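This report refers to the structure that appears directly beneath it.
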Amino acid sequence: MRMVVFVVAVVAAVVWLAGAGGEAAVVVDPAWKFPSLRMRDAYVALQTWKQTAIFSDPGNLTGDWVGPSVCAYTGVFCAPLPDDSSSSGGGELAVAGIDLNHGDIAGYLPPELGKLTDLALLHLNSNRFCGVVPTSLRRLRRLHELDLSNNRLVGAFPSAVVLALPSLRFLDLRYNEFEGAVPSELFDKNLDAIFLNHNRLRFSLPDNFGNSPASVIVLADNDFGGCLPASLGNMSATLNELILINNGINSCVPPEIGMLREVTVFDVSFNKLAGEIPPEVKGMRKLEQLDFAHNRLTGAVPEAVCDLPRLKNFTISYNFLTGEPPSCARVVPADGGDRRNCLPNRPAQRTPQQCAAFYALPPVDCSAFQCKPFVRSSPPLPPPPPPAYPGPLPPVYPVPYASPPPPPLYR
Ligand SMILES: *[C@@H]1O[C@H](CO)[C@@H](O)[C@H](O)[C@H]1NC(C)=O
Ligand SMILES: *[C@@H]1O[C@H](CO)[C@@H](O)[C@H](O)[C@H]1NC(C)=O
Ligand SMILES: *[C@@H]1O[C@H](CO)[C@@H](O)[C@H](O)[C@H]1NC(C)=O
């Protein structure tokens, strides 16, 4: 008997959900005058989200999502459409941004969000959105910033959305549960920032990694494996921060990293990097933080590295290094920044037995990793032009990266 009641309840729930998925779920009062069809679509999208896909909103952010004036909704921002040839409706008001960062909202992202075709910014960081990223988001042709970080999103990397968005520049998916591979095409896209750390992704850095014009790439804790790509050398004019902590990278350090003359933060700690630190690192003239800790590096630290003018923090602990020039005292943190190596006359080193056993092994042959060499094919591209849309909109469009990051960036 109880079983029958349960089955009936499940069937009823499925029927209700099927109804809720359709547009019929949101009633649009025929008396309302929307300034345009796009505003009516926006109303349907936002109300479908609120009425069928948001289950908890402790800050009551969607409490005022009532009635046809969607531009007055908390977290929803409107702007005039740009006059561009690809769009009719230049100058018309459209929903250009949604910012519900730190909303703690629980629910999911309904496919109807694809109706917000004029959206330039979607900031949903630090909420409790679960489920998958709806494929319909690929219709957001103007989307410039997508920040879904620190939610409970699952499924494969949302390639069908991310690779299809022509205007996307800022992609932040960190602190979710995306799993599987990341398509190499991601690094061919004209993205300025890529944050994927703290997911369940698993792939090797592809050889076209260096095609990415991004200034910030954070891929920590995803267990990638493979080579530290020599194609990094192609990022010399654009790369500012690269964080590849704990990605299982298993190769030597390519001398091409010395071509990264704009890099300020370079962190490849907790990998399996082998061989010596290439002296070419001295070409990284703007470097402020360099972290090689927890690898299998050997030999002596090249003196020129510690002499880099802006270097403040150079961490080399947990390697098998055998030499540290005196000038390194300025940049290697005194509280153990060089511990657990094979450095003579330094505290907290590995035992002589450990060092002897390691150095009794055959020396590392970097070519054995079969990493693809870097051959410069074309001169670096000029920096991309600034976005034409959304234009100056004070509270609406925070400066890129203004949204406070979710929990600590790495570790
Ligand atoms: C939520 O916000 C709406 C509109 O601002 C308000 O009418 C309502 O009382 C609020 N609810 C709670 C629980 O604060
Ligand atoms: C360098 O990057 C550009 C795109 O930014 C790409 O066209 C070119 O093929 C890349 N070259 C190599 C050798 O990776
Ligand atoms: C140096 O950087 C490491 C991480 O790369 C950090 O743990 C450490 O606290 C930093 N030390 C100083 C003195 O800034």
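In this chain, residues are counted from 1 in sequence order. When a ligand or atom number is given, it counts from 1 through the structure's own listing order. As the structure is a computational prediction, the values presented were derived from the model and not from experiment.
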Item checked: Pairwise side-chain contact, V162 with L168, heavy-atom cut-off 4.5 Å (strictly under) -> yes
Next item on the list: Can you confirm whether something in the protein, heavy atoms only, sits under 4.0 Å from atom 14 (O) of ligand 1?
Entry: yes
Next item on the list: Output the distance between atom CG (L308) and atom CZ (R285), rounded to the nearest 0.5 Å.
Entry: 6.0 Å
Margin query: Give the atom numbers and elements of ligand 3 that come within less than 4.0 Å of a heavy atom of D291.
Written below: 4 (C), 5 (O)
Note to self: Considering both backbone and side-chain atoms of Q289, is one of its nitrogen or oxygen atoms within less than 3.5 Å of a nitrogen or oxygen in ligand 3?
What the structure shows: no
Notebook entry, point to check: Can you tell me the protein heavy atom closest to atom 2 (O) of ligand 1 and the distance?
Noted result: N60 ND2, 2.3 Å
Notebook entry, point to check: Between E145 and R169, is there a side-chain N and carboxylate O pair less than 4.0 Å apart?
Noted result: no
Next item on the list: Give yes or no for whether the N/O distance cutoff of 3.5 Å, strictly under, is met between D64 and ligand 1.
Entry: no
Checklist line | R340 backbone acceptor or donor facing S317 side chain under 3.5 Å | finding: no
Margin query: I want to know whether F358 and F320 have ring centres closer than 6.0 Å.
Written below: yes
Notebook entry, point to check: Any protein heavy atom lying closer than 4.0 Å to atom 11 (N) of ligand 1?
Noted result: yes
